[in-house]
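Here is the structure we will look at.
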Amino acid sequence: DAGVIQSPRHEVTEMGQEVTLRCKPISGHNSLFWYRQTMMRGLELLIYFNNNVPIDDSGMPEDRFSAKMPNASFSTLKIQPSEPRDSAVYFCASSPGRAAGNQPQHFGDGTRLSIL
Amino acid sequence: RKEVEQDPGPFNVPEGATVAFNCTYSNSASQSFFWYRQDCRKEPKLLMSVYSSGNEDGRFTAQLNRASQYISLLIRDSKLSDSATYLCVVIQLGSSNTGKLIFGQGTTLQVKP
């Protein structure tokens, strides 16, 4: 069975450029999550969707970050303009069920983003 | 104060040793609890859920103490393959019965031959 699929696996770009990260959740999972992981701050929840609707975006760092989920099988996280401090590993995860209550999450392989 | 706190370690132990990790959480309304494992440069993966009654999965035992807001993970007879970072995870339910996961910083375990 296919797990959560993220692309690209690696991205290196210059500051000021737009970055778009993509995620395909596990089929049938209702909830989708975007995380950022750094050595300093660990794993941080940025935003999560339930049935394609953003439920909590309080973790989104600032207006430069935006996320969309146009349908049940696709989501994007966009950074515009990018800055060096955005360098991190960005994970997408999905879980079954209506809520992130007792359901464990399945993570994608992550996108390693480096902003020069 | 962080919502979920863990000792980052690293814990360096010999094969066969028993090792315990602790985690505390600050929000008493937290509903569900998990331990995740993350290998170097890999994604986090669910290790086990944590229940008030305690639960065991082979060499791994997880405990929850709601009164003290404390979670533990015990690994017996540690193997080289147990070397990883162990993440304590707490779910807080909000409105509409939707929740969000709060991850601890992780505790790094290195098992040596």
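If you're wondering where the values come from, they're calculated on a predicted model, not measured in any experiment. To find a chain, count down the sequence lines: A is the first, B the second, and so on, and within it residues start at 1.
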*Can you tell which part of A:R41 gets under 4.5 Å to a heavy atom of chain B, answering side chain, backbone, both or neither?*
backbone

*What are the two closest non-hydrogen atoms of B:T107 and B:D7, and how far apart are they?*
OG1-O, 2.5 Å

*Give a yes or no on whether A:F91 and A:L21 share a hydrophobic cluster (residues Ile, Leu, Val, Met, Phe, Trp, Tyr; joining criterion: side-chain heavy atoms under 4.5 Å apart).*
no

_Pair B:N22-B:S72, side-chain hydrogen bond (donor to acceptor under 3.5 Å, both in side chains): steps then yes or no_ = CA-CA 5 Å; B:N22 302 322; B:S72 66; 5.2 Å; no

*asked:* For A:Q37, which atoms come within 4.5 Å of any heavy atom of chain B: side chain, backbone, both, or neither?
replied: side chain

_Any non-hydrogen side-chain atom of B:W35 less than 4.5 Å from a side-chain atom of B:I71?_
yes

*Which answer fits A:S58, side chain, backbone, both or neither, if we ask what part of it has an atom under 4.5 Å from a heavy atom of chain B?*
side chain

*Residue A:D56 versus chain B: region with a heavy atom under 4.5 Å*: side chain

